[in-house]
Amino acid sequence: MIYPKIPLAQSIIQICLAKGVEHIVISPGSRNAPLTIGFTSNPKFTCYSIADERCAGFFALGIAQQINKPVALVCTSGSALLNYYPAFAEAFYSQIPLIVISADRPLNKIDIGDGQTIRQMNVFQNHSLYNANLTEGETAENDFKINEAITTARTRKGPTHINAPFEEPLYLTTKKLIVDPTLSGFAKVFKSISIEDIIACTNIWNSAKKKLILIGVNAPNEIDEEIIQAVANDPSIVVMTEVTSNVSHPTFLNHIDTIITPFKEKDFLVFQPEILITIGGMVVSKRIKAMLRIYRPEHHWHIDPLRAYNTFGALAHHFEATPNDFFRQVLPFTKIVKSDYAQKAKNIQEVRKAKHLAYVSKIAFSDFKAFELIIPRLPKNSQLQISNSSAIRYAQLFDIDPSIAVFCNRGTSGIDGSTSTAIGAAVGNKVQTTFITGDIGFLYDSNALWNQYIPKNFKIILINNGGGGIFRILPGHEETPLFNTFFETAHCLTAEHLSKMYNLEYYTASTEENLVKGLVNLYAHDEKPAILEVFTPTLQNEKILLQYFKELV
């Protein structure tokens, strides 16, 4: 076995190995050479080389999203580290374990004009769960900080930063370990709800006739079927989900915007819950957030082992437990309350579904029609990754097969690393993966394709409407050069030459008929990754979408 000769590098590598950090995403550089040599020389690590640090950050995020274990990122000193920040922030808000290990110049080289040098210590302070600012050499304090960074990322589900100063020479190796680092473990804690909280909770629960459960971003299989069935059978409970909730039941309202956009004030008042229970991460729908901020619940409880956000200005209690733990401890003490809340929701759902089907049957080819054709043709038991902006919002309007796991970077809701995340997720989870994206997000993260690890069965469906279509449906849209250039980012680019450069299969579609054929071709061959580029009319898309909400009444 080959080891770096620098003791600090050996300590980092040995502690990562002992604490089960198996996936290491490395961006080439010189200052991080001791780490690169050590990680790549040990067959117990799976190492990836991703040159663009921003792409590397999201690639690692995608793997960690799937395996639910810390993935390490390794980079050289200087501005390379700053390029991890978008993925770091996403990991913070999406509660994904990520460990950034940055090589640094020794402290006496900072701010004296030495090359490739910035102030790296605490650079992620605002979004880091733990900062391990190491010193040169092998010390007990360094060992403690490395252990703490890895343990914190794993147990608190988020990003941490290890900053390691290395002095030259950087490439010397040895065949012997010269360190024996101290290791510290971590305990898995079951969060038990106090009997006082259970009594207070159930007293409120048993007197409330309108309970709304809103589920945001949620990992597949996080909520047991018996609990899903129990809340579905309660006439006083309405459950609202999104495509990223990964929870399904025929009675659940899984098209929030379709349901509530036509509401008048009397409808909002009827639907206003007495108790709001939120589960999971960020919610996509702006409309439900706006509704609950105006028509606030009397009681808002959030269920999560780690964090709670006061999204609606009404948070009353944070139950620090998983949804399964919460409902198992609380439901035995609850009783069924006579209520027509769920029935009224079901009636609205049936009306909206009929209106939806009538509308999509008559619309012209557009973004809307493309999603109507794509979603039901996704392979069952596969994984769907979706980019932000228009793509995730269109996906919210359609039923996705319950066997498909759905993911989107909703922590910061950025477009910057969606493709890289999807590729990392496809690597971390070997199932068939489809990535649906818009043209701006795809072009913005095109370096994601500069990657030798893309699985052969990875598929990209690229909706190209010639610009940032979401800006056309936001207030303030005017057809002017200023809007087209600085908001919509109008363009005439395609993915054809990128596909050739990165050796991806390339298909196109611009009508209903050839989109259906294109989808057949896309999934018929798995010799190499593929892109299906769907061209839709720039000027018609907004009109078709806005008219949809008008015709739901």
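A donor-acceptor pair is defined here as one N or O able to donate and one able to accept, closer than 3.5 Å; such a pair exists between the side chain of Asp304 and the backbone of Arg307. Panel note: side chain Asn310, backbone Leu315; a donor-acceptor pair is recorded below 3.5 Å. A side-chain donor-acceptor contact under 3.5 Å links Asn388 to the backbone of Gly414. With Asn514 contributing its side chain and Ser510 its backbone, the two residues share a donor-acceptor pair below 3.5 Å. Between the side chain of Ser418 and the backbone N or O of Ser387, no donor-acceptor pair lies under 3.5 Å. Proximity of a side-chain donor or acceptor of Asn324 to a complementary backbone N or O of Ile227 within less than 3.5 Å is not detected. Here the side chain of Asn503 pairs no donor or acceptor atom with the backbone of Ser499 at under 3.5 angstrom. Judged by distance alone, the side chain of Asp439 and the main-chain N or O of Gly466 form a donor-acceptor pair under 3.5 Å. Using modelled atom types, no side-chain atom of His318 and backbone atom of His302 make a donor-acceptor pair closer than 3.5 Å. The main-chain N or O of Asn465 is found under 3.5 Å from a side-chain atom of Thr538 such that the two form a donor-acceptor pair.
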(message) Set out, in order, the CA-CA distance, both residues' side-chain angles and the distance that settles side-chain contact (heavy atoms from CB on, under 4.5 Å) for Ile461 and Leu522, then state yes or no.
(response) CA-CA 9 Å; Ile461 300 176; Leu522 184 70; 3.8 Å; yes
(message) The test is side-chain contact (heavy atoms from CB on, under 4.5 Å); show your working for Glu512 and Lys369 and say whether it passes.
(response) CA-CA 8 Å; Glu512 290 185 44; Lys369 176 58 75 170; 3.8 Å; yes
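In this model, no donor atom of one side chain and acceptor atom of the other lie less than 3.5 Å apart for Asn457 and Thr433. Between the side chains of Thr421 and Asn409, a donor-acceptor pair is found at a separation under 3.5 Å. Side-chain atoms of Thr258 and Tyr548 form a donor-acceptor pair, as typed in the model, at a separation below 3.5 Å. For Thr261 and Arg287, the side-chain atoms include at least one donor-acceptor pair closer than 3.5 Å. For the residue pair Glu242/Gln396, the side-chain donor-acceptor check at 3.5 Å is satisfied. Counting only N and O atoms by type, the side chains of Glu533 and Tyr506 include a donor and acceptor under 3.5 Å apart. Between the side chains of Thr536 and Asp367, at least one donor N or O sits under 3.5 Å from an acceptor N or O. With no hydrogens or angles considered, no side-chain donor-acceptor pair links Glu90 and Gln65 at under 3.5 Å.
The environment of NZ in Lys430 is crowded: more than 12 heavy-atom neighbours from other residues, nucleotides or ligands sit within 6.0 Å. Heavy-atom neighbours of Lys528 NZ from other residues, nucleotides or ligands within 6.0 Å: above the threshold of 12. The 12-atom threshold is not exceeded at NZ of Lys346, counting heavy atoms of other residues, nucleotides or ligands nearer than 6.0 Å.
Scanning all heavy atoms of the two residues, the minimum distance from Gln349 to Thr251 falls at OE1-O, 4.2 Å. Shown here for Thr419 and Gly441, the closest heavy-atom pair between the two residues is OG1-O, 4.4 Å. Closest approach of Arg393 to Arg410, counting heavy atoms only: NH2-NH2, 4.1 Å. Shown here for Gln385 and Ala425, the closest heavy-atom pair between the two residues is NE2-CB, 3.2 Å. Closest approach of Ile423 and Ala448 over heavy atoms only: CD1-O, 3.4 Å. For Gly216 against Val283, the heavy-atom pair with the smallest separation is CA-CG2, 4.1 Å.
No salt bridge links Lys344 with Asp267; every basic N to acidic carboxylate O contact stays at or beyond 4.0 Å.
Ring centers of Tyr502 and Trp450: at least 6.0 Å apart, outside the cut-off. Aromatic pair His356/Phe398: ring centres closer than 6.0 Å. A centroid separation of 6.0 Å or more is found between the aromatic rings of His127 and Phe124. No close placement of the Phe88 and His161 rings is indicated, their centers lying 6.0 Å or farther apart. Aromatic ring centres of His300 and Phe312: separated by under 6.0 Å.
Side-chain contact check for Phe92 versus Asn126: every heavy-atom pair is 4.5 Å or farther apart. Under the 4.5 Å side-chain criterion, counting only non-hydrogen atoms from C-beta, Ile26 is not in contact with Ser49. Residues Asn451 and Phe59 are in side-chain contact: their nearest non-hydrogen atoms beyond the backbone lie under 4.5 Å apart. Within the 4.5 Å cutoff, no side-chain heavy atoms of Phe407 are placed close to those of Ile386. Residues Ile213 and Met240 have side chains not in contact (no heavy-atom distance under 4.5 Å, counting atoms from C-beta outward). Put simply, the side chain of Lys69 reaches to within 4.5 Å of the side chain of Arg154, judged on heavy atoms. Residues Asp416 and Asp445 have side chains not in contact (no heavy-atom distance under 4.5 Å, counting atoms from C-beta outward). Proximity of Val21 to Val71: side-chain heavy atoms (C-beta onward) are nowhere separated by under 4.5 Å.
Between Tyr93 and Tyr309, the two ring planes are tilted [angle within 30° to 60°].
When the side-chain hydrogen bond (donor to acceptor under 3.5 Å, both in side chains) test is applied to Lys355, no partner is found at least two apart in sequence or on another chain.
Once rounded to the nearest 0.5 Å, the distance linking CG of Leu498 with CD1 of Ile531 reads 7.0 Å.
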